[in-house]
Structures are given as structure tokens and as C-alpha cells.
Amino acid sequence: MKFTCDAGDLADKVATVAKAISNRPTRPILGDVLMRLSDGVLTLTGFDEVLGITTGLLVEEERAGACCI
């Protein structure tokens with residue numbers, strides 16, 4: 001996954017989905033933000049088994065992919 005975007009916009013979106021992530025997740029993967037890049041849209045998802053937040057950001061895509069951070 002490789003893309004270009006405004007750092008401030010990305011930080012705002014990560015802060016938004018991070019509200020759904022528990023400080024003490026019951027499973028380690030629930031402490032991450034899922035990032036998916038496809039067709040010039042970066043989708044960010046945070047989930048804690050009860051609350052989920054997903055948001056998107058238009059970016060300049062070089063290579064699609066997904067990862068958890």
C-alpha cells in the first residue's frame with residue numbers, strides 16, 4: 001500500500017476512528033486501526049466489539065492494499 005495525502009487530514013481521520021478503540025482491548029487486533037486503500041479512497045476503521053467507526057479520505061493512490069496499525 002502506498003499513497004500520498006495531507007498529513008493533517010490523515011491525523012484527523014485516525015483520531016476520529018481511534019475513539020472506537022479500547023485502551024485495554026479483549027483481543028490484540030481490536031487495539032488497531034484497519035487501513036484499506038482502493039480506487040483512491042483510504043478507508044479507516046476502528047472497532048471495539050460494540051462500537052465501530054469507519055471514515056474515508058481521498059488520496060493519491062500508487063499501490064492498493066490493507067494493513068492494521
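When reading the values below, keep in mind they use all heavy atoms of this one structure, side chains included, and skip hydrogens, waters and symmetry mates. Position 1 is the first residue of the sequence; numbering continues from there.
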Does Glu49 come within less than 4.0 Å of Arg27, counting only side-chain N to carboxylate O? yes

Minimum heavy-atom separation for Gly46 to Ala20, with atom names? O-CB, 3.5 Å

Apply the test side-chain contact (heavy atoms from CB on, under 4.5 Å) to residues Leu10 and Leu42: give CA-CA distance (whole Å), side-chain angles for both, the deciding distance (0.1 Å), then the verdict. CA-CA 9 Å; Leu10 180 60; Leu42 179 65; 3.8 Å; yes

Over all heavy atoms of both residues, which pair between Ile29 and Cys68 is shortest? Give the atoms and the distance, please. CD1-SG, 3.8 Å

Between Lys19 and Leu51, what is the shortest heavy-atom contact and its length? O-CD2, 4.4 Å

With side-chain contact (heavy atoms from CB on, under 4.5 Å) as the test, would you mind laying out the steps for Glu62 and Thr4 before giving the verdict? CA-CA 8 Å; Glu62 293 183 38; Thr4 304; 3.7 Å; yes

Closest heavy-atom pair and its distance - Ser38, Ala64: CA-CB, 4.5 Å

Using only heavy-atom distances, determine whether the side chains of Thr55 and Thr16 contain a donor-acceptor pair under 3.5 Å. no

Distance, nearest 0.5 Å, that separates CG of Asp6 from CG of Asp12: 8.5 Å

Hey, are the side chains of Ile69 and Met35 touching, using non-hydrogen atoms and a 4.5 Å cut-off? yes

Is there a continuous path of hydrophobic side-chain contacts, each under 4.5 Å between heavy atoms, that joins Leu58 to Val17? no

How many angstroms lie between atom CG of Leu34 and atom CG of Leu44, to the nearest 0.5 angstrom? 8.5 Å

Between CZ of Phe3 and CG of Leu57, what distance do you get to the nearest 0.5 Å? 7.5 Å

Closest non-hydrogen contact found for Asp48 with Ser22 is CB-N, 4.2 Å

Mind running side-chain contact (heavy atoms from CB on, under 4.5 Å) on Thr54 and Thr43 for me, showing each step along the way? CA-CA 7 Å; Thr54 299; Thr43 305; 3.5 Å; yes

Donor-acceptor contact below 3.5 Å, side chain Glu61 vs main chain Asp39: yes

Contact check, side chains of Cys5 and Glu60, non-hydrogen atoms, under 4.5 Å: no

side-chain contact (heavy atoms from CB on, under 4.5 Å) between Leu30 and Ile21: does it pass, once the steps are laid out? CA-CA 7 Å; Leu30 294 177; Ile21 298 173; over 6 Å; no

